[in-house]
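Data block below; observations after.
Side chains included, hydrogens not; waters and symmetry mates left out as well; all remaining heavy atoms used. Given the structure is predicted, the values throughout are model-derived calculations rather than measurements. Note on naming: letters A, B, ... go to the chains in the order of the sequence lines (proteins, then strands), and numbering restarts at 1 for each one.
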Protein chains: 2
Amino acid sequence: MATRTASSPDTSAHLLEVFKALANPVRLQVLQWLRDPEANFPVHEGIADPHEVGVCVSHIQGRLGLAQSTVSSYMAALERAGLVVSTRVGKWTHYRRDEERIAQFTAELGDVL
Amino acid sequence: MATRTASSPDTSAHLLEVFKALANPVRLQVLQWLRDPEANFPVHEGIADPHEVGVCVSHIQGRLGLAQSTVSSYMAALERAGLVVSTRVGKWTHYRRDEERIAQFTAELGDVL
DNA sequence: GCGATGAATCGAAGAGTATCGATATGATAT
DNA sequence: ATATCATATCGATACTCTTCGATTCATCGC
């Protein structure tokens, strides 16, 4: 008999943080865009390797059409939830998805849902 | 080359509604409890088949220790998100997980995350 | 060091959510 | 029809979230 046990407090806290981050249409949209950066954003030439650092936040902001401060706090929320990683290269901050953490979230979700 | 396309508006709306429903610790807890009703709730004898209708909301409320109205609105949110189904048997309302819709959510999530 | 640029942080206002108690609605027994 | 019980809905309050513009912090070029 396989009794299903409740998830640990850490797991639930992580799940909650991710749910909260994604329970906003804009942040969900950004994470989707970041699945295919080349298709959704211009390449930021000569600044950094896009495969390594991802997309410049100014491009994300441009595409969203929201205030710079809003986009900054949104990306911070995604990063706090472990869904993206930020890399600063000079004045430029880039964000890419953290596929490992996303896979971890998916695994945790399978244990809980 | 497999280009990843954006999800449809209906899919995103559904995902959002689920994220919002689960972005609350109490509702997440209830959904986890409902994975294994027998382990988490007393059987409501002679009212209905628990495998068919699930758990009586009064038991959910008793275990949560929240106001009746709060629990009622929470279960409504879970149902609106398609995660549970309610069945009224006389005066008693029962909730069970909607495993099909949950599986659909998981599939959609895999397409989007 | 200064000025310009990029991004994080702050503060504020309006909208949304969590939660309660009160009330309305629905079901049942008499 | 009436009283009781179960639950949905309503209204209110406190808290959180969304979003903006202003400000501060970090980086760069001169």
In whole angstroms, how far is the P atom of D/dC25 from the CZ atom of A/R88? 14 Å

B/K91 side chain, from C-beta outward: closest of D/dT7, D/dC20, C/dG26: C/dG26

Respond yes when some side-chain nitrogen or oxygen of B/T70 is under 4.0 Å from OP1 or OP2 of C/dC20, and no when none is. yes

Could you tell me the separation between the NE2 atom of B/H59 and the P atom of D/dA6, rounded to a whole number of Å? 10 Å

Would you state whether a donor and an acceptor, one from the side chain of A/S58 and one from the base of C/dG6, lie under 3.5 Å apart? no

Taking atom C1' of D/dC5 as reference, at what distance in whole Å does atom CD of B/Q61 sit? 13 Å

May I have the distance from A/L64 (atom CG) to C/dA7 (atom P), rounded to whole angstrom? 13 Å

Is B/Q68 side chain donor-acceptor paired with the D/dA6 base, going by distance under 3.5 Å alone? no

For A/V71, which contact category applies under a 4.0 Å heavy-atom criterion: base, sugar-phosphate, or nothing? nothing

Here's a test of your reading of the structure: between B/Y95 and A/A67, which maps to the more 5' nucleotide of DNA chain D? B/Y95

Counting C-beta onward and ignoring hydrogens, is there a side-chain heavy-atom pair between B/R97 and B/I102 closer than 4.5 Å? yes

What class does the angle between the rings of A/H14 and A/F105 fall in, given that below 30° is parallel, 30 to 60° is tilted and above 60° is perpendicular? perpendicular

Mind checking B/S69 for me? I need base, sugar-phosphate or nothing, with any heavy atom below 4.0 Å counting as a touch. base

Answer yes or no: does a side-chain N or O of B/R27 lie under 4.0 Å from OP1 or OP2 of C/dA18? yes

Looking at side-chain heavy atoms only, is the closest gap between A/L109 and A/V18 below 4.5 Å? no

Residue pair A/V55 / A/H94, side-chain heavy-atom distance below 4.5 Å: no

Any heavy-atom pair between the side chains of A/R101 and A/L83 that's under 4.5 Å? no

Starting from P on D/dA8, measure out to NE2 on B/H94 and report it in whole angstrom. 12 Å

Nearest whole Å is fine: how far is D/dC5 C1' from B/W92 CH2? 7 Å

Measure the distance from CG on B/L28 to C1' on C/dT17 and round it to the nearest whole Å. 17 Å

Expressed as a whole number of angstroms, how long is the span from B/N24:CG to C/dG16:P? 18 Å

